[in-house]
J.: 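Have a look at the structure that comes next, please.
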Amino acid sequence: MVLAFTEEQAIRIREYGMSVIRFKYCIKNGINLAIYALNKCVSYLNLLFDVCEKLLNCTRDIAAKLSDIFKALKEKIELPTSHRFRFVKVLGNIGYRKYDVWVVTRTYLARSNC
């Protein structure tokens with residue numbers, strides 16, 4: 001079976017993003033062109049998702065490494081906290097809202113400090 005196309009037909013086939021040889025292959029094997037195009041789109045989407053997954057994994061690894069670096073730096077540079085904040089932190093760990101505890105334990109001074 002020989003399929004011959006004119007140059008105008010070949011131009012129309014190429015406008016749809018398919019080569020003439022691939023078009024002949026689809027006709028010869030009875031493949032619906034719409035299904036063929038959808039399968040190509042699905043394969044490109046799968047490739048895109050794989051690349052995005054690899055990119056996200058690399059980003060997570062970098063974020064984990066940076067987190068470890070910052071934790072180590074914080075432990076080396078950490079300044080002593082005030083007694084009041086330690087108390088607030090303990091109550092926050094128990095389940096109280098830290099802001100509410102902070103407000104309750106705040107000491108108020110007069111403006112003149114007399």
Side-chain angles (χ1 to χ4, degrees):
M1 177 173 147
V2 176
L3 296 173
F5 294 108
T6 63
E7 191 61 33
E8 293 83 22
Q9 291 171 335
I11 291 171
R12 293 280 308 246
I13 292 170
R14 288 187 196 109
E15 284 177 359
Y16 292 111
M18 185 180 283
S19 69
V20 177
I21 295 170
R22 186 59 58 184
F23 185 76
K24 287 181 181 181
Y25 171 79
C26 289
I27 290 175
K28 179 182 172 196
N29 292 329
I31 299 171
N32 187 348
L33 296 177
I35 293 173
Y36 177 79
L38 287 174
N39 287 337
K40 291 280 276 188
C41 289
V42 167
S43 66
Y44 286 137
L45 287 174
N46 285 335
L47 181 65
L48 177 69
F49 289 142
D50 291 340
V51 170
C52 290
E53 182 180 2
K54 289 179 183 177
L55 182 67
L56 286 174
N57 288 337
C58 290
T59 307
R60 278 192 210 120
D61 293 341
I62 291 171
K65 289 178 183 177
L66 286 175
S67 173
D68 292 340
I69 290 170
F70 285 128
K71 283 180 185 176
L73 285 174
K74 183 181 175 187
E75 289 173 1
K76 289 181 182 178
I77 303 174
E78 187 165 349
L79 300 172
T81 58
S82 68
H83 294 288
R84 182 172 149 229
F85 184 70
R86 286 185 201 148
F87 178 70
V88 170
K89 193 173 181 182
V90 168
L91 289 179
N93 290 338
I94 292 173
Y96 291 100
R97 288 185 54 208
K98 288 182 184 178
Y99 179 76
D100 294 339
V101 175
W102 187 263
V103 170
V104 170
T105 59
R106 187 176 347 186
T107 56
Y108 293 97
L109 299 174
R111 286 192 168 193
S112 64
N113 289 334
C114 296

J.: Identify the heavy atoms of R22 and Y36 that sit nearest to each other, and give their distance.
T.: CD-OH, 2.7 Å
J.: Mind checking side-chain hydrogen bond (donor to acceptor under 3.5 Å, both in side chains) for D61 and listing every partner two or more places apart, or none if nothing turns up?
T.: none
J.: Indicate the atoms forming the closest heavy-atom contact of I13 with S19, along with that distance.
T.: CG2-O, 4.0 Å
J.: If you measure from OH on Y25 to CE on M18, what distance do you get to the nearest 0.5 Å?
T.: 11.5 Å
J.: Kindly give the heavy-atom pair with the smallest separation between R60 and N57, and that separation in Å.
T.: NH1-OD1, 3.0 Å
J.: Sequence neighbours excluded, which residues qualify as side-chain hydrogen bond (donor to acceptor under 3.5 Å, both in side chains) partners of R14?
T.: none
J.: When rounded to the nearest 0.5 angstrom, what is the spacing between CG in L55 and CG in D50?
T.: 12.5 Å
J.: Supply the atom-to-atom distance K28 NZ to I21 CD1, rounded to the nearest 0.5 angstrom.
T.: 12.5 Å
J.: What donor-acceptor contacts under 3.5 angstrom involve side-chain atoms of residues 64-73, with partners at least two apart or in another chain?
T.:
none

